[in-house]
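Below, each value reflects all heavy atoms present in this structure, side chains not excepted, and no hydrogens, waters or symmetry copies.
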Amino acid sequence: MKALIRKTVQDTIETKQKFFATHEDLIETCARQMAETLEAGGKLLLFGNGGSAADCQHIAAEFVNRFQMERKPLPAIALTCDTSIITSIGNDYSFDEIFSKQVQALGHKKDIAIGISTSGNSANVIRAAAVAKDQGLILVGFSGAGGKLKEISDIAFCVDSPVTARIQEVHITLSHILCDLVERMLFHDQQKHAQ
């Protein structure tokens, strides 16, 4: 058992080190795009399934409430939360459309869509991503090593691991870093004046 614990910890450390060593520039680019979008009155729309759905809610909460700084709330919506919307779309149309119809209704050209799929091929995520692109949103994709999401995203974060848990662990660390950077970009001067 202890060997399994040590191996899991080592695997997650190695996966994160490998990913972040090769994505620093893209992370900074994405954070700047998010900051510019939020400063201009846009919002973040997040969607994914299972553990990725939970990650969407987690990320949205960090932006809406706060992460490290006391600051005004930032607009982020997890499209995974409204059971009435999700079940009505799933029932009347298809599970594949539970996110795309929400993006259609809520997405505007100045917004950012964040699609999360460890396989990169979840049908409802890909459909929502396509709608986001059609409506002129910036598409940020969080995925594993491959899949369609990587191909269509404006900014693609692909974790090179065959293990879903390791991919998800990188995704949430990446999200924390992005939120931290966005806060600093938008509110650093405000924070300095408050001290």
Do NZ/NE/NH1/NH2 and the carboxylate oxygens of R32 and E28 come within less than 4.0 Å? yes

Angle class for the F142/H171 ring planes (parallel below 30°, perpendicular above 60°, tilted otherwise)? tilted

Is I112 reachable from L174 through a run of hydrophobic residues whose side-chain heavy atoms are each under 4.5 Å from the next? yes

Output the distance between atom CG (L79) and atom CD1 (I85), rounded to the nearest 0.5 Å. 8.5 Å

Could you report the tightest heavy-atom contact between A31 and L178, atom names first, then the distance? N-CD2, 3.8 Å

Could you give the distance from CD1 (I167) to SG (C158), rounded to the nearest 0.5 Å? 10.0 Å

Is it the case that atom CG in D92 sees more than 12 heavy atoms from other parts of the structure closer than 6.0 Å? yes

With a cut-off of 6.0 Å (strictly less than), are more than 12 heavy atoms of other residues, nucleotides or ligands near NZ of K150? no

My understanding is that only one of S122, S52, S143 makes a side-chain hydrogen bond (donor to acceptor under 3.5 Å, both in side chains) with S117; could you say which? S122

Residues pairing under ring pair (Phe, Tyr, Trp, His ring centres under 6.0 Å) where one sits in residues 76-106, two or more places apart or in two chains, turn out to be F47-F99

Report whether I138 and F63 are members of the same hydrophobic cluster (ILVMFWY, side-chain heavy atoms less than 4.5 Å apart, transitive linking). yes

Same hydrophobic cluster for I116 and L45, using side-chain heavy-atom links shorter than 4.5 Å among ILVMFWY? no

Grouping I, L, V, M, F, W and Y whenever their side-chain heavy atoms are under 4.5 Å apart, do L46 and I155 come out in a common cluster? yes

Would you find more than 12 non-hydrogen atoms of other residues, nucleotides or ligands less than 6.0 Å from K133 atom NZ? yes

Quick check: closest heavy atoms across D111 and G42, and the distance to 0.1 Å? OD1-CA, 3.4 Å

So does E39 have more than 12 non-hydrogen atoms from other groups sitting under 6.0 Å from CD? no

Same cluster for I59 and M185 if Ile/Leu/Val/Met/Phe/Trp/Tyr side chains link at under 4.5 Å? yes

For G48 and A53, which heavy atoms make the closest approach, and how far apart are they? O-CB, 3.2 Å

Is E151 salt-bridged to K148, cutoff N-O under 4.0 Å? no

So, E183 side chain and M69 main chain: donor-acceptor pair closer than 3.5 Å or not? yes

